[in-house]
Amino acid sequence: MEKVDVIVVGGGLAGLSAAYGLAAEGLEVILIERGDYSGAKNVTGGRLYVSPIRNMYPELWEDAPFERPVTREFITLMGEGNSTTIEFAADKFAAQPYQSYTVLRATFDLWLSEQVMEKGGMVIVKQRVDDLIKEGDKVIGIRAGEDEIGADITIIAEGVLGLVANKAGLRELPSWKDHAVGFKETLELPKEVIDNRWHLAPDEGAAHLFMGGVTKGMLGGGFLYTNKESISLGIVLGMKDAKERVDKIDIYTLLDDFKANPTIAPLVADGELVEYSAHVISEAGLSGIPQLWGDGYLMTGDAAGLALNQLYTVRGMDFAVASGYYAAQAIIEGKKQNDLDAVGPAYEKMMKESWVLKDFETAKNILHFIENPRIFSHYPNAVGRLFDRVFTLNDQPTDSIYTKVMSSVKKDFMNVTTAKELLGMRKI
Amino acid sequence: MKIIVPVKTNPDLQMVRIKNRQPVLEAVPYILGDLDKNAVEAALQLQAEAGDTQVIALTLNQGNRKIKDTMKEALAMGADEAYIVTDDALVDTDQAGKALAIAKAIETIGGADVIIFGEGSHDGYSGQVGPRVAELLGVPEIGFARKLTPGGPGIQAERSMGDFIEVLEAPLPIVITVASEINEPRIPTLMNIMKAGKKPSTDWTLADLGLEAADVAPKNKILSNLAEEQDRKNIMLEGDVNAQVAALIDALTREGVLEA
Amino acid sequence: MGTTVEAKLGYNVFKIDKERHIVIDTEICNKICKDKTCLYICPAFLYKLDDQGNNTVDWEGCLECGTCLICCEHDALSWEYPRGEFGIQYRSA
């Protein structure tokens with residue numbers, strides 16, 4: 001069996017980040033990707049938070065093919081027959097260094113794979129890894145079709161489903177109880193139209209999240225990100241709510257209803273559909289992270305459950321890049337010290353001591369919190385009712401603004417349930 | 001025996017979108033055409049049957065930024081060696097120019113016993129380059145082969161003529177173009193992809209072939225390349241079912257779809 | 001009226017293998033599974049009951065998300081990614 005230093009299973013951001021770091025240090029690394037190119041099987045909402053990972057490969061991000069830096073945040077609460085939108089712009093978001101960028105994976109991942117190859121890493125596309133080869137409990141390589149290749153370390157970066165790792169007994173398949181499905185349309189719109197609709201200076205971008213009616217009260221929400229000349233419009237939906245829903249709603253129809261909603265319709269008008277995509281997302285937080293390493297292997301990115309939904313921020317790609325980076329650092333160090341047994345523990349230590357696992361620790365109760373259906377129905381409706389009262393005039397004597405606000409607040413917010421939920425927020 | 005397979009790398013047509021009737025080629029990856037893969041496969045099968053045979057893949061680079069990667073597909077399938085001719089003058093050349101450059105390249109490689117083309121390219125599909133190369137090299141040509149066997153004075157080829165099947169034999173050297181029915185091209189295995197990177201690949205320019213830009217200047221020019229437009233009539237029939245059926249028959253008759 | 005989901009899939013690039021990568025165990029599906037989540041949870045709406053009431057899947061239009069696999073509690077699906085060279089090839093996503 002031919003043998004190399006490192007095999008990377010999967011050419012998404014985690015795998016590419018690992019391969020880049022390893023190749024840059026001159027290690028012999030082979031990355032195997034099943035798509036026609038890196039990015040061909042990948043889906044994001046999406047936004048990549050660059051701030052957390054900027055210092056990992058500082059030379060990379062300058063020329064990266066980002067779509068637009070996110071300078072404006074929008075949150076829309078969709079109530080019954082109304083919607084409330086918060087638009088947040090901050091000077092610091094509109095200045096270098098930008099905190100986050102919208103991206104399209106087919107462009108972004110392909111570019112990163114080219115950077116890996118430039119560093120001397122081998123990226124093999126159109127090949128599906130079928131199995132990990134084990135010797136006892138130790139992973140010693142991979143099998144693709146009839147061919148086997150050995151490696152000192154195998155980096156598992158195969159994505160959220162973890163089919164290969166599962167076959168080898170290294171992790172469970174994802175559970176419907178704590179995973180969501182995201183599906184989106186990429187809609188082309190002229191640059192200027194995008195700028196106008198989201199109040200953007202040229203080349204600046206917006207992130208727009210939607211809660212409430214968009215998921216008909218189910219866990220999840222809508223998202224809209226502005227790319228250079230397109231928008232990514234989609235829905236993320238908790239599988240548990242969707243699965244257990246009595247009326248068995250065909251989930252794809254939610255996106256059509258979303259687009260037809262009077263709040264959204266003018267934003268997406270004349271958008272020309274160019275692609276329809278879907279992907280699974282972990283909502284499990286810390287509890288969804290399997291053993292990060294074992295004899296002969298490291299787990300990275302979505303394969304390691306590294307996705308975090310905190311309602312207002314949805315992250316995954318930054319964790320993927322960071323885990324790949326730390327995997328590479330741990331292996332480089334292990335090679336230097338000629339101590340490969342130290343690689344796994346070193347990787348786990350780096351992950352634990354960095355923001356990566358600390359952020360998961362901080363958010364460990366998030367799933368419990370967001371599983372509360374009131375977040376997706378009661379509150380968006382309550383906010384809508386409040387503003388409905390504030391803005392409505394008819395031929396009857398009107399209440400004072402104080403009365404209007406307070407009566408809404410008393411009814412919808414000043415109750416035991418909300419107080420408990422507020423207290424619950426302390427845990428997230 | 002030496003087999004040269006001139007292949008064309010072109011944009012993956014499945015990935016091309018049409019916008020305002022124009023193909024959007026930006027960011028579309030290049031691949032070997034399906035018929036080019038048939039040609040490589042035919043060469044590899046001949047190699048397996050005849051033994052002691054070298055298979056060389058040859059291409060003209062017409063603007064493929066990643067030509068080396070694309071040619072690795074041919075090497076990963078099993079070709080032993082690759083030759084790539086890159087020159088700005090080749091980007092807009094026509095079939096005559098391409099045939100001349102390929103013929104010169106074949107001569108520069110040192111000739112071949114068998115030269116196998118796909119019957120046409122994946123994108124343009126003119127089907128001209130194979131026969132033109134045969135003419136330039138002054139060797140016989142068999143087109144649209146669907147079976148090849150070494151034998152007789154050199155090679156036997158079978159081709160479908162519609163109502164009957166023709167079996168031909170010819171001495172070497174020869175140019176053959178193959179039809180898609182000839183084989184099912186193999187999908188490269190992981191090990192063969194890895195080995196492909198280590199196989200010899202030679203880069204040439206037109207000057208290496210003793211040619212100048214003027215030699216391959218196109219004699220015809222593509223003025224426009226537009227997707228076909230289909231106009232729909234968008235006629236909605238109304239009324240009860242009987243009235244709609246009558247109106248439909250009436251409309252189809254007027255269009256000449258149904259006979260009156 | 002939005003675009004139908006079939007029409008949406010028409011905008012994608014699918015390289016279709018002769019081998020199917022999703023196989024339904026009709027036995028389990030018919031006899032054990034009551035909820036048939038796959039019929040409504042697939043974002044590409046690929047699962048449908050045929051005239052005999054057997055579950056079928058138009059695997060050629062699969063977005064490879066794996067939602068059906070995760071939501072099938074009866075192990076009625078044998079589900080693999082398509083082989084290399086095949087399946088969805090996203091151009092933006």
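Below, chain A is the first sequence line, B the second, and so on; all start at residue 1. When reading the values below, keep in mind they use all heavy atoms of this one structure, side chains included, and skip hydrogens, waters and symmetry mates.
Only the side chain of C:Thr37 comes within contact range of chain A, with heavy atoms under 4.5 Å apart. Residue A:Ala278 touches chain C through both its backbone and its side chain, counting heavy-atom pairs closer than 4.5 Å. For A:Asn42, the part sitting under 4.5 Å from any heavy atom of chain C is the backbone (N, CA, C, O) and nothing else. The part of C:Leu69 that comes within reach of chain A is its side chain, from C-beta onward, which places non-hydrogen atoms under 4.5 angstrom from that chain. Contact of A:Lys184 with chain C is made through the side chain alone, with heavy-atom distances under 4.5 Å.
Nearest approach of A:Ala40 to C:Gln89, heavy atoms of both residues: CB-OE1, 3.3 Å.
Atom CD of C:Glu6 sits about 10.5 Å away from atom OH of A:Tyr276, to the nearest 0.5 Å. Within the model, atoms SG of C:Cys68 and CE of A:Met239 stand 9.0 Å from one another, a figure rounded to the nearest 0.5 Å. To the nearest 0.5 Å, atoms CZ (A:Phe183) and OG1 (C:Thr67) are separated by 9.0 Å. In this structure, C:Tyr90 OH and A:Thr186 OG1 are separated by 9.5 Å, a value rounded to the nearest 0.5 Å. Considering SG of C:Cys65 and NZ of A:Lys41, their distance stands at 12.5 Å, rounded to 0.5 Å. Distance check, rounded to the nearest 0.5 Å: OG of A:Ser175 to CD of C:Glu73 gives 8.5 Å.
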Walk me through it: do A:Glu244 and C:Asp35 pass the test side-chain contact (heavy atoms from CB on, under 4.5 Å)?
CA-CA 9 Å; A:Glu244 291 174 345; C:Asp35 36 333; over 6 Å; no
Take A:Trp176 and C:Ile41, measure what side-chain contact (heavy atoms from CB on, under 4.5 Å) needs, and give me the verdict at the end.
CA-CA 11 Å; A:Trp176 54 270; C:Ile41 206 134; over 6 Å; no
When you look at C:Ile70 and A:Val280, which way does the side-chain contact (heavy atoms from CB on, under 4.5 Å) test go after all the steps?
CA-CA 9 Å; C:Ile70 295 176; A:Val280 167; 3.7 Å; yes
After noting the C-alpha distance and the side-chain angles of A:Leu255 and C:Lys8, does the key distance pass the side-chain contact (heavy atoms from CB on, under 4.5 Å) rule?
CA-CA 12 Å; A:Leu255 189 48; C:Lys8 287 183 194 178; 4.3 Å; yes
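Your options are A:Lys240, A:His279, A:Lys248, and the one with the most heavy-atom pairs under 4.5 Å with chain C is A:Lys248. Of the listed residues (A:Arg105, A:Arg245, A:Arg34, A:Lys177), the one with the most heavy-atom contacts under 4.5 Å to chain C is A:Arg34. Put simply, of A:Thr107, A:Leu173, A:Thr44, the one with the most heavy-atom pairs under 4.5 Å next to chain C is A:Thr44. Residue with the most contacts toward chain A among C:Pro82, C:Ala44, C:Gly10, C:Ala93: C:Ala93 (heavy-atom pairs, distance under 4.5 Å). When the candidates C:Arg91, C:Arg83, C:Glu80, C:Lys15 are compared by the number of heavy-atom contacts under 4.5 Å with chain A, C:Arg91 comes out ahead.
Not a single donor-acceptor pair under 3.5 Å links the side chain of A:Lys243 to the backbone N or O of C:Cys72. Between the side chain of C:Tyr11 and the backbone N or O of A:Glu185, no donor-acceptor pair lies under 3.5 Å.
Counting non-hydrogen atoms of other residues, nucleotides and ligands closer than 6.0 Å to CG of A:Asp270 gives a total of 12 or fewer. Remark: C:Asp75 CG is loosely packed, at most 12 non-hydrogen atoms of other residues, nucleotides or ligands lying under 6.0 Å away.
A cation-pi contact, defined as under 6.0 Å to the ring centre and within 45° of the axis, is absent between A:Arg128 and C:Tyr81.
For the pair A:Leu163/C:Trp79, a side-chain contact is recorded, criterion being any heavy-atom separation below 4.5 Å from C-beta on.
Of the residues listed (A:Thr253, A:Asp250, A:Ile249, A:Asp247), the one engaging C:Tyr40 in a side chain to side chain contact (heavy atoms under 4.5 Å, CB included) is A:Asp250, and it is the only one.
Side chains of C:Asn12 and A:Glu275: a donor-acceptor N/O pair is absent below 3.5 angstrom, by distance only.
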